[in-house]
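Okay, so here's the structure we're looking at.
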Amino acid sequence: MSDTPVLLWLRRDFRFHDHEAMAAAAKTGAPVIPVFIHDDQVEALGAAAKWRLGLAVEAFAESLSEKDSKLILRKGAPLTVLRALIEETGAGAVYWSRRYDKPGRDTDTEVKSALSDDGIEAKSFTGHLLFEPWTVETKTGGPYKVYTPFWNAVKGTDVAPEVKTVSELRTPSDWPRSEKLDDWKMGAAMRRGAAIVAKHVNVGERAAQSRLSNFLRDRLSAYKTQRDVPASGGTSGLSENLTYGEISPRTIWHAGYREMAEGNPGAETFLKELVWREFAWHLFFHWPDMAERNWRDEWNGFDWRRDNNDAEAWRRGMTGEPFVDAAMREMYVTGTMHNRARMIVASYLSKHLMTDWRVGLRWFEDCLIDWDPASNAMGWQWVAGPGPDATPYFRVFNPETQLDKFDKDGRYRKDFIAEGQANPPETATDYFEAIPESWALTPDQDYPDRLIDLKEGRERALAAYEQHKG
DNA sequence: AGGCAATTGTG
DNA sequence: ACAATTGCC
């Protein structure tokens, strides 16, 4: 048993259960020093994501202190920070969970080789995904570009079992100095909205675990149909926790798989949704510029409208299209948006308003507490047209038809659009509390007229596409 | 190499 | 009924 400490570098893995890097660190028998580094990538996060990450860090630090451990906070470039900590603590190893975005991977590769040169053991572990992206290939080699074959390929394969919950971490004789989370002001860009979004978050590992078990108990069996109805609360809501690693995808997978084995009718659909996330990360791994560039090159040069006044109305939930506006306001008030609503608002912005999908993606990045670069890159490109999916251009969501199908009783509209209601619910009035004052909107003004005739917008988009194809 | 299967939709 | 192109085997 060594007394040379191990640094446990945490990024998006704020949990004790099924945490390979943490379990390995604990198993060495050496003192473990958990570290979170506020680097440029953290600095660059959108307002809501940065704020929510701060909550995750805070909650995790608290869980550590319940175990008489600590979370050391430092700001700076990872390699510089880690070297300083090694110097201060005499640590001989750094463990972490792998990440799969390009900047993250580049940083980690650099850190690993530099530390190895220093004679430090630098070790990365799995944890963010079910499968390593380089291990899932088509029969002819290469990554999958279509979801269904991807699903067929992975659904039968064994997902590694969960790693046991780490119950204690040996503490070092001296703790290195830590910065204060409050000094980082991670909620600064939230302006006056944080207190409202705070009503809707579910922070930490315990919250994530109970969210999963409540979902399995109460909503999984009806998931197949209820997941499509935004006002029904039929989804798991776990994306928020998956984003920060407050629960592992393997935990969700195995729980869903057990339900499927017991014949629960919603289980397979649920697992498929988890695998959509997986698919997005595999795509993002193989096409790291997917959040900036058209996945299909032939879309380069398509005559999108850049940012514009219609897009601003879209951001503000003032398009006059109730499904779109309810959804955009849901995102502003709660920090999340229902999956079906995401498809509808994305289709509306990119087709009816013919606005560059990257304009929409950037707004999502600023507003979502479950911001996930891979899922958003895939989702936006899939809806807008350039993404990995065949023949999407004529598949234009009609937000009015969608209301009939998925908001028949008008609950979603009622929950988030205050205008015209005698006694609007808090979720609807909160919108006017959450938005910047400069938008100058009030709940007693008239609901806006439609920005564009739906038929006209659809035809304009299809015509532009036809013309671009030549 | 050629056939088959999509594809969270629309009208 | 329809759309048609691409991916996968």
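Chain letters run A, B, ... following the sequence lines, proteins first, then strands; residues in each count from 1.
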Just checking [X]: base, sugar-phosphate only, or nothing, at a heavy-atom cut-off of under 4.0 Å?
| X | result |
| --- | --- |
| A/Y144 | sugar-phosphate |
| A/W276 | base |
| A/E400 | nothing |

For [X] and [N], what is the distance between atoms [atom1] and [atom2] respectively, to the nearest whole Å?
| X | N | atom1 | atom2 | value |
| --- | --- | --- | --- | --- |
| A/R296 | C/dA4 | CZ | P | 16 Å |
| A/D453 | B/dG11 | CG | P | 11 Å |
| A/Y147 | C/dT6 | OH | C1' | 19 Å |
| A/F150 | C/dC9 | CZ | C1' | 17 Å |
| A/H352 | B/dT10 | NE2 | C1' | 11 Å |
| A/F279 | C/dG7 | CZ | P | 11 Å |
| A/N152 | C/dC9 | CG | P | 9 Å |
| A/F397 | B/dG11 | CZ | P | 12 Å |

Report task. Could you identify which residues of residues 134-143 of chain A place a heavy atom less than 4.0 Å from some atom of DNA chain C, listed by residue number, or say none? Result ->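 Nucleic-acid contacts, sorted: A/T138, A/K139.
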Pair [X] + [Y], salt bridge at N-O below 4.0 Å:
| X | Y | value |
| --- | --- | --- |
| A/D307 | A/R315 | yes |
| A/E419 | A/R329 | yes |
| A/R211 | A/E246 | no |
| A/R450 | A/E456 | no |
| A/D372 | A/R342 | no |

If you only use heavy atoms from C-beta on, which nucleotide in [options] is closest to the side chain of [X]?
| X | options | answer |
| --- | --- | --- |
| A/R395 | B/dG11, C/dC9, B/dG9 | B/dG9 |
| A/E298 | B/dT10, C/dC9, C/dT6 | C/dT6 |
| A/K145 | C/dG7, C/dT6, B/dT10 | C/dG7 |

Query - Dot-bracket summary - DNA chain C, pairs being Watson-Crick or G-U whose distances fall under 3.5 Å, with | when paired to another strand - result: ||..|||||
Report task. Please say which of A/R15, A/E205, A/R52, A/R11 ends up in a side chain to side chain contact (heavy atoms under 4.5 Å, CB included) with A/Y244. Result ->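 One option only clears the test, and that one is A/R52.
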Once the angle between the rings of [X] and [Y] is folded into 0 to 90°, is it parallel (under 30°), tilted (30 to 60°) or perpendicular (over 60°)?
| X | Y | value |
| --- | --- | --- |
| A/Y223 | A/F270 | perpendicular |
| A/W96 | A/W9 | perpendicular |
| A/Y147 | A/F150 | tilted |
| A/F364 | A/W314 | parallel |

Report task. Would you indicate, yes or no, if B/dG11 has its OP1 or OP2 atom less than 4.0 angstrom from a side-chain nitrogen or oxygen of A/N398? Result ->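 Yes, within the criterion.
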